[in-house]
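Below you'll find the structure, written out as structure tokens, and then a few comments.
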There are 2 protein chains.
Amino acid sequence: MLTHSEENYLKTIHHLSEETNKSVSTNAIADKLSTKAASATDMVQKLAAKGFASYYKYKGVRLTDKGTKEALKVVRKHRLWEVFLVKKLNFKWDEVHEIAEQLEHIKSPMLIERLDEHLGFPKFDPHGDPIPNREGIMAATKQLLLSELAIGNSGIITAVKDGNTAFLQYLEKIGAFIGAELQVLDKVEFDDSLEVSINGKPAQFISKEASQNILITE
Amino acid sequence: MLTHSEENYLKTIHHLSEETNKSVSTNAIADKLSTKAASATDMVQKLAAKGFASYYKYKGVRLTDKGTKEALKVVRKHRLWEVFLVKKLNFKWDEVHEIAEQLEHIKSPMLIERLDEHLGFPKFDPHGDPIPNREGIMAATKQLLLSELAIGNSGIITAVKDGNTAFLQYLEKIGAFIGAELQVLDKVEFDDSLEVSINGKPAQFISKEASQNILITE
DNA sequence: ATTAATTTTTAGATTAAGCTAAATTAATTT
DNA sequence: AAATTAATTTAGCTTAATCTAAAAATTAAT
């Protein structure tokens, strides 16, 4: 059984190596966890001894498959709790991280499965990050801002960055629901607004500000 | 800020002295927490040093007002999470204790207030135990099933377990409203039905099934 | 390619929580 | 009331997670 601290280290190592797939330095870990390098070294050696990571002195760490699996379990819990806090308890998306940092360590496989069901098996958390499923598999697609989508390309709306009421009402008005397919038809040079079609419906214009607040996957 | 362990000790001391109002022995605490008396002694001294308890060697502990306040906060959290698990995640009432033991230590006053609201400000947990409010005040009595009430005793109807329409209509017909006073006059051995008076009205019979679906406080 | 600077590890303390075994105090029995 | 039993506390050890300071290895710079 993993301690809170072990889980935090696994999650951090996973996060730091996710993009690059390279081994992670103890200093980077210490920075991320606001602790000291000496502490990170200690823990990394412990995780390696338990088979969660492979580690060579002065060369950094990487997670083993076993370690990755555990890290993804924590990520899954963290992100599901974030969805709960936002969707059910009406927290703002930027208020939930610290509470989820605590909730992610609750140990009960049944709890997390029931929570997942209760939330309707969400695929993304309120920040747009994908939620790993029970097996640790998650949507591989990178999240983009609508504003980053090239002309002619299309994607599915997965989340909004700032979910303030006025913005959500605006989205509702133009039919831009979570899950809707959206294609960029053209960009207006003048104000960086986008001409888009939503679920094949007739074209609409979306302002630069709005397009930087809508998250999609290609 | 209290540690998990400190919170567990406060809760346990509170629980053990709740009925009798007498000081609690370190052995009783150790038993309840499945730990050793020596550990309980250590912690009790620490809690006393921090002003949460008053303790005299060989004489046992009692909580100070400050300690009681903290203990009740933990109890409030525990019981609200139990309601959440049963009402929202469909756990059975006897499956929730261990998960709530973990959830009760999550630190976020805002979280617990939002949860309370989300659950509709419940007054009792799924076991019938009263939930302290934000100020630590709670209904003095535990909820019982009507079927658990002894002959001659009376109580106030506070809730029903399964509130299906047919049952509520039946209750209405016999005048058994929430808040009504109900006295058990006799038990029928044959089918375990109860002869009761409701708000002093002429006697009625309530089936075993119905009596196991009505919650009362004495 | 040495030297200097930086990064990383090791060594040794510290704090919190727990344990066992021994010592002490309280309670019970004769 | 003294002796025995039981309850409680103290002393000293252990583990996990942290820290600081010193040592060692790596990287960068002249």
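A, B, ... follow the sequence lines: proteins, then strands. Residue 1 opens every chain. Since the structure is predicted, the reported quantities are computational estimates derived from the model, not experimental observations. Because only heavy atoms are used, hydrogens play no part in the values below, and waters and symmetry mates are left out as well, while side chains stay in.
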The single option from B/Val61, B/Leu63, B/Leu2 that satisfies side-chain contact (heavy atoms from CB on, under 4.5 Å) with B/Phe52 is B/Leu2

Ring center gap for A/Phe84 and B/Phe84 short of 6.0 angstrom: yes

Here the distance between atom P of C/dG18 and atom NE2 of B/His4, to the nearest Å, is 12 Å

Across every strand shown, the nucleotide meeting Watson-Crick or G-U wobble geometry with D/dT30 (both distances under 3.5 Å) is C/dA1

If you restrict it to nitrogen or oxygen atoms, what contacts under 3.5 Å exist between nucleotides 11-13 of chain C and the protein, and what is each distance?
none

Extract from the structure each pairing of a protein N or O with an N or O of nucleotides 3-8 of chain D at less than 3.5 Å, listing the distance.
unit_1, atom_1, unit_2, atom_2, d
D/dT8, OP2, B/Asn27, ND2, 2.6

Separation of C/dA16 atom C1' from B/Leu2 atom CG, nearest Å, is 14 Å

Closest to the side chain of B/Tyr9, out of C/dG18, C/dC19, C/dA16, is C/dG18

(request) Give a yes-or-no answer on whether the side chains of B/Thr158 and B/Gln143 include a donor-acceptor pair shorter than 3.5 Å. (result) yes

Separation of C/dT8 atom C1' from A/Ile29 atom CD1, nearest Å, is 12 Å

Any cation-pi pair here, A/Arg79 with A/Phe124, using under 6.0 Å and within 45°?
-> no

Here the distance between atom P of D/dT9 and atom OH of B/Tyr56, to the nearest Å, is 14 Å

Ranking B/Gln45 and A/Ser39 by the position along DNA chain D of their nearest nucleotide, the one closer to 5' is B/Gln45

Sequence neighbours excluded and cut-off under 3.5 Å, please list the side-chain donor-acceptor pairs for residues 95-109 of chain B, or say none.
unit_1, atom_1, unit_2, atom_2, d
B/Glu95, OE1, B/Lys92, N, 2.8
B/His97, ND1, B/His78, NE2, 3.3
B/His97, NE2, B/Glu101, OE2, 3.1
B/Glu101, OE1, B/Lys11, NZ, 3.4
B/Glu101, OE2, B/Lys11, NZ, 2.7
B/Gln102, OE1, A/Lys107, N, 2.6
B/Gln102, NE2, A/Lys107, O, 2.9
B/Glu104, OE1, B/Lys11, NZ, 3.0
B/Glu104, OE1, B/His78, ND1, 2.7
B/Glu104, OE2, B/Lys11, NZ, 2.9
B/His105, ND1, B/Glu7, OE1, 2.6
B/His105, NE2, B/Asn8, OD1, 3.0
B/His105, NE2, B/Glu101, O, 3.3
B/Lys107, NZ, B/Glu7, OE2, 3.3
B/Lys107, NZ, B/His105, O, 3.2
B/Ser108, OG, B/Leu111, N, 3.1

**OP:** Indicate whether the side chain of B/Asp191 and that of B/Ser193 have a donor and an acceptor atom separated by less than 3.5 Å.
**Re:** yes

Any A/Lys36 side-chain N or O less than 4.0 Å from OP1/OP2 of D/dT18: no

For D/dA2, the nucleotide meeting Watson-Crick or G-U wobble distances (both under 3.5 Å) is C/dT29

d(B/Leu16 CG, B/Lys32 NZ) to nearest 0.5 Å is 5.5 Å

So do the side chains of A/Ile13 and A/Ile29 get within less than 4.5 Å of each other, counting heavy atoms only? yes

**Message:** Looking at B/Glu113 and B/Arg134, is any side-chain nitrogen of the basic one under 4.0 Å from a carboxylate oxygen of the acidic one?
**Reply:** yes

- prompt: Is any side-chain N or O of B/Thr3 closer than 4.0 Å to OP1 or OP2 of C/dA16?
  reply: no

Look at all strands and tell whether B/Ser5 reaches a base, only sugar-phosphate, or nothing, counting heavy atoms closer than 4.0 Å. sugar-phosphate

